[in-house]
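Since the structure comes first, as structure tokens, the remarks are kept for the end.
Quantities reported herein were computed from a predicted structural model and do not represent experimental measurements. So you know, we letter chains A, B, ... as the sequences are listed, proteins then strands, and number each from 1.
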Amino acid sequence: AQKVTQAQTEISVVEKEDVTLDCVYETRDTTYYLFWYKQPPSGELVFLIRRNSFDEQNEISGRYSWNFQKSTSSFNFTITASQVVDSAVYFCALSFISNFGNEKLTFGTGTRLTIIP
Amino acid sequence: DTGVSQDPRHKITKRGQNVTFRCDPISEHNRLYWYRQTLGQGPEFLTYFQNEAQLEKSRLLSDRFSAERPKGSFSTLEIQRTEQGDSAMYLCASRVPEVKLAGADHEQFFGPGTRLTVL
């Protein structure tokens with residue numbers, strides 16, 4: 001069984017501060033994928049990043065960066081110099097290739113991030 | 001607009017009524033997913049189509065739920081005899097075919113969802 005845990009339910013930071021969202025996962029599969037999605041107040045899930053289990057190289061994209069550590073089963077997400085537009089619910093998700101070729105996603109419960117102006 | 005679209009965006013119904021939602025995936029996306037998201041939770045997988053074939057269903061999908069994708073394009077999700085516990089956001093997502101995965105992102109593109117309220 002797969003499980004994704006986002007222990008932080010809500011985080012509030014003042015604009016321009018850095019913030020890290022934690023994600024811990026459980027899976028028995030050797031090949032799996034990790035994702036981060038953003039859900040703004042409009043409700044639509046927006047894809048941010050995908051990582052496969054063989055690629056532990058951390059990534060930076062603009063103000064976003066991701067830290068994937070297989071040894072601790074963590075896939076954390078950091079926003080530097082936060083902005084009000086970053087306010088949203090952020091979901092970490094895990095998927096694997098099922099027998100049906102179905103890459104269904106298992107989501108965490110999300111972290112609501114509020115950036116205070 | 002070439003994204004995933006869903007209709008209606010909001011639906012309010014009385015307990016016991018039937019409701020049907022529609023999802024139009026991104027053109028050429030042969031894989032289509034339905035998820036359900038309740039308040040304060042992450043989306044949960046309901047069912048998956050590859051073209052017109054429904055290949056996997058979650059145990060969350062009770063007998064009152066049925067999903068179709070008759071021509072491998074749009075999909076419908078019907079809930080019969082709705083219950084208050086069915087109140088949720090129903091999300092649809094689509095993804096590129098396997099043959100196009102090389103060099104392409106593997107993410108599922110989500111629609112805006114249909115918010116169902118059962119009174």
Side-chain angles (χ1 to χ4, degrees), chain A residues 1-10 21-25 31-55 59 61 66 75 88-113, chain B residues 1 3-6 8-10 23 26 29-51 53-61 88-101 103-116:
Chain A
Q2 299 190 326
K3 185 179 179 181
V4 176
T5 301
Q6 294 181 255
Q8 303 153 308
T9 305
E10 294 189 29
L21 308 182
D22 298 332
C23 173
V24 175
Y25 64 91
T31 301
Y32 53 88
Y33 305 91
L34 295 164
F35 301 78
W36 276 96
Y37 279 86
K38 173 182 180 180
Q39 189 172 44
S42 61
E44 191 163 339
L45 281 164
V46 177
F47 166 79
L48 295 177
I49 191 171
R50 172 186 183 272
R51 268 283 175 270
N52 70 53
S53 51
F54 298 112
D55 181 7
E59 180 171 336
S61 176
W66 291 271
F75 186 45
V89 180
Y90 290 83
F91 290 98
C92 181
L94 172 69
S95 77
F96 69 103
I97 306 294
S98 76
N99 292 337
F100 304 102
N102 172 14
E103 205 173 280
K104 64 183 176 183
L105 295 167
T106 297
F107 286 85
T109 51
T111 298
R112 180 176 299 277
L113 176 64
Chain B
D1 190 298
V4 178
S5 61
Q6 293 187 245
R9 295 291 305 276
H10 304 273
C23 170
I26 294 172
H29 281 197
N30 71 336
R31 297 175 179 228
L32 187 146
Y33 303 78
W34 284 99
Y35 291 83
R36 182 176 70 184
Q37 184 179 17
T38 54
L39 202 61
Q41 300 297 314
E44 296 173 290
F45 169 77
L46 291 179
T47 190
Y48 156 66
F49 288 86
Q50 186 169 333
N51 298 311
Q54 187 175 19
L55 296 185
E56 192 168 349
K57 293 192 289 187
S58 161
R59 281 175 287 183
L60 293 174
L61 218 62
M89 175 79 86
Y90 290 84
L91 295 163
C92 176
S94 69
R95 213 196 73 179
V96 295
E98 193 70 29
V99 293
K100 292 189 176 182
L101 286 182
D105 288 328
H106 294 221
E107 74 270 24
Q108 295 177 20
F109 292 86
F110 282 81
T114 294
R115 183 169 296 283
L116 172 66

(message) Quick check: closest heavy atoms across A/S42 and B/R9, and the distance to 0.1 Å?
(response)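 So the minimum-distance heavy-atom pair works out to O-NH2, 4.1 Å.
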(message) For a quick test of reading the model, state the closest non-hydrogen atom pair linking A/F91 to B/G42 and the distance between them.
(response)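 Taking every non-hydrogen atom into account, CE2-CA, 3.3 Å.
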(message) Looking only at heavy atoms and a cut-off of under 4.5 Å, which of B/E44, B/Q6, B/Q41 has the most pairs with chain A?
(response)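 Looking at each option in turn, the highest pair count goes to B/Q41.
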(request) Give, for atom CZ of A/R50 and atom CD of B/Q108, the distance between the pair rounded to the nearest 0.5 Å. (result)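 Rounded to the nearest 0.5 Å, the CZ-CD separation comes to 10.5 Å.
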(request) May I ask you to decide if A/L105's main-chain N or O and B/Y35's side chain share a donor-acceptor pair within less than 3.5 Å? (result)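 Between the backbone of A/L105 and the side chain of B/Y35 there is a qualifying donor-acceptor contact (under 3.5 Å).
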(request) Can you sort out the partners of B/Q37 under side-chain hydrogen bond (donor to acceptor under 3.5 Å, both in side chains), two or more places apart, ordered by chain and number? (result)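 Checked B/Q37 against side-chain hydrogen bond (donor to acceptor under 3.5 Å, both in side chains); matches are A/Q39.
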(message) I'd like to know whether CZ of A/R51 has more than 12 heavy-atom contacts from other residues, nucleotides or ligands below 6.0 angstrom.
(response)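 Enclosed: over 12 neighbouring heavy atoms sit under 6.0 Å from CZ of A/R51.
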(message) With a 6.0 Å cut-off (strictly less than), is the heavy-atom count around NZ of B/K57, excluding the residue itself, greater than 12?
(response)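 At most 12 heavy atoms, drawn from other residues, nucleotides or ligands, come within 6.0 Å of this atom.
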